[in-house]
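Chain naming here is simple, since letters A, B, ... match the order of the sequence lines and numbering starts at 1 in each. None of these values were measured; they are calculated from a predicted model.
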Protein chains: 2
Amino acid sequence: MAAIEICADCSVRDLALCGSLTDHELEALNALGRHQRLSKGETVIWAGDESIICANLLSGVLKLSASTADGREQIVGLHYPADFIGRPYADAADFTVTALTDAQLCVFPRKQFEQVLEDHVRMERLLLQRTFAALDEARGRMLMLGRKSAEEKIAGFLLDMADRAGSSACRATAEGPITFDLPLTRGQIADVLGLTIETVSRQMTKLKASGVIGLPGGRAVTLRDRAALEERAEPA
Amino acid sequence: MAAIEICADCSVRDLALCGSLTDHELEALNALGRHQRLSKGETVIWAGDESIICANLLSGVLKLSASTADGREQIVGLHYPADFIGRPYADAADFTVTALTDAQLCVFPRKQFEQVLEDHVRMERLLLQRTFAALDEARGRMLMLGRKSAEEKIAGFLLDMADRAGSSACRATAEGPITFDLPLTRGQIADVLGLTIETVSRQMTKLKASGVIGLPGGRAVTLRDRAALEERAEPA
DNA sequence: CGCCCTCTTGATTTCGATCAATGCGCGTGG
DNA sequence: CCACGCGCATTGATCGAAATCAAGAGGGCG
């Protein structure tokens, strides 16, 4: 019955990998999983550490990051609710996972999670599909990092964030000017885009000055002219 | 018997995904696969096209690349013999696959390949593991593209290529100074590292001038001082 | 031989990094 | 309640690494 207690009211019940399992199958996972709360800034997985856990993200936003020996950081991925976290089949983690907001995870011991994958082919296939999607996304970001200008990076990033905000639970005022909150600080945006905080700030100011976006204050952004933003993200 | 004919003398028989299959199971794949030769410069998969095929690379080197609307290119991956090519479970290809050298593929229709994956769980698991490894590599490259200097990029790239050359079938003269041929032109190296051809050329010249590497001519490179190269790739 | 392709080298420009100062919102503690 | 401090953001001045523009050199092949 514990199964029902934990999974039945799970906020991401049919968005996460687990959605591929029947109620009956869920019991196996349920016995393994435990909930974990993270505070903003807290790190769950450190690059280089033994790869102990896998998890589903229930709420909040996490960053996946890599660093050079002398401390420069690059965010290589962002995780949102229902995303899968962790690296099955590896003995050490290559990347650090840190909470950008307060967050909740459903955590499984890695080895046991691997066993569940083996026993539930449908779930393994779903994970394979997600992993391919993540790979495509990472490669798309490689193009961004290697070949796009600061302005293109910022414009593209804002469009991405707007799309995510529109589809999920951020405040979006119908059509026309859409306003939403970025879940990232300027510094974190810089770490996603391979820029510095000053360049991010300047480009945002420039977009605001040309009337393409508005910056009502705090983390909020208003899209005033989506077409213009798209043009700046991807010059013909 | 066709199975035996094609797969038995396959040059990557137990390095590729197929290595997970028994001789008996191989027959299924064998019935689907056909060999294809590619000439240097030829493209097998175009970004945006319908995703028709999957393949194993038998010989040669392929690039996986993305482009901006106005023609800037970023190479997002390189494929070597025994690597898996293609994007199962997607209806369109996101990236372009092009031969950097003459090459040979063992090609399967995508849909039918997906069916084989479903029927052979061991192979699917192996593909999942490879996909995770590819994802880790892509993310590592994101750090390189976003945060490393031209010198660090070149030094790291040469070390990677030397390691690959050392393990496989390029000419390597024992220990000490190792010499090998790059399978890429300067322009292609630039497209991997997110640089221009001139910057690649200058950095190579600089490394040669400081005695860290030698450039005997053509595509050849000699590592004269690996430790120094490592220091330049990853400054403490 | 001459052409094409790749690579190298030089001069100059430019974009983004770096250095530096200030502003602003917010929570905490006096 | 206000003052202070702290983290985050903006803005300005300057610097520098890599891009761009431009010219030529080597090398292989028809």
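Across all strands, A:Arg147 comes closer than 4.0 Å to no nucleic acid atom at all (heavy-atom distances). Heavy atoms of B:Thr185 sit under 4.0 angstrom from primed sugar atoms or phosphate atoms, though from no base atom. Within the nucleic acid shown, B:Arg72 has no heavy atom closer than 4.0 Å to any nucleic acid atom.
Rounded to a whole Å, the CZ atom of A:Arg219 is 18 Å from the P atom of C:dC24. For A:Arg202 and D:dC8, the CZ to P distance is 19 Å, given to the nearest whole Å. Across the protein-nucleic acid pair, B:Arg186 atom CZ and C:dT8 atom C1' stand 9 Å apart, rounded to whole Å. In this structure, NZ of B:Lys40 is placed 11 Å from C1' of C:dC5, rounded to the nearest angstrom. Between A:Leu100 atom CG and D:dG7 atom P there is a gap of 18 Å when expressed in whole angstrom units. Whole-Å rounding puts the A:Leu145 CG to C:dG16 C1' distance at 15 Å. Between the CG atom of A:Asp70 and the C1' atom of C:dT18 there is a distance of 15 Å, rounded to whole Å. Between the CD1 atom of A:Ile189 and the P atom of C:dG16 there is a distance of 16 Å, given to the nearest Å.
Near DNA chain D, defined here as any heavy-atom distance below 4.0 Å, the residues from residues 203-216 of chain A are A:Thr205, listed numerically. The stretch residues 148-158 of chain B comes close to DNA chain D through B:Ser149, B:Ala150, each having a heavy atom under 4.0 Å from the strand.
Checked for salt-bridge contact, B:Lys63 and B:Asp191 miss the test: no charged N lies under 4.0 Å from a carboxylate O. Salt bridge B:Glu137/B:Arg130: absent, no basic N to carboxylate O contact under 4.0 Å. Between A:Arg110 and A:Glu50 there is no salt bridge, since no side-chain N of the basic residue sits under 4.0 Å from a carboxylate O of the acidic one. Here A:Arg226 pairs with A:Asp163 in a salt bridge; the nearest charged N to carboxylate O distance falls below 4.0 Å.
Exactly one residue among B:Ile53, B:Ile52, B:Leu62 makes a side-chain contact (heavy atoms from CB on, under 4.5 Å) with B:Ile45. That residue is B:Ile53.
Taking the six-membered ring wherever Trp is involved, the centroid distance between the rings of B:Phe113 and B:Phe84 falls below 6.0 Å.
Among C:dG16, D:dA19, C:dC7, the nucleotide with an atom closest to any side-chain atom of A:Leu195 is C:dG16. Comparing atom distances between the B:Glu198 side chain and each of C:dA20, C:dA17, D:dC21 picks out D:dC21 as nearest. Checking D:dT11, C:dT18, D:dA19 against the side-chain heavy atoms of A:Ser201 singles out D:dT11 as nearest.
Around atom CZ of B:Arg13, more than 12 heavy atoms belonging to other residues, nucleotides or ligands sit under 6.0 Å away.
Listed pair B:Thr196 / D:dA19 meets the phosphate criterion, a side-chain N or O lying under 4.0 Å from OP1 or OP2.
Side chains of A:Glu198 and A:Ser201: a donor-acceptor N/O pair is absent below 3.5 angstrom, by distance only. Side-chain atoms of A:Ser59 and A:Gln104 form a donor-acceptor pair, as typed in the model, at a separation below 3.5 Å.
With rounding to the nearest 0.5 Å, the separation of OG1 in B:Thr205 from NZ in B:Lys208 is 7.0 Å.
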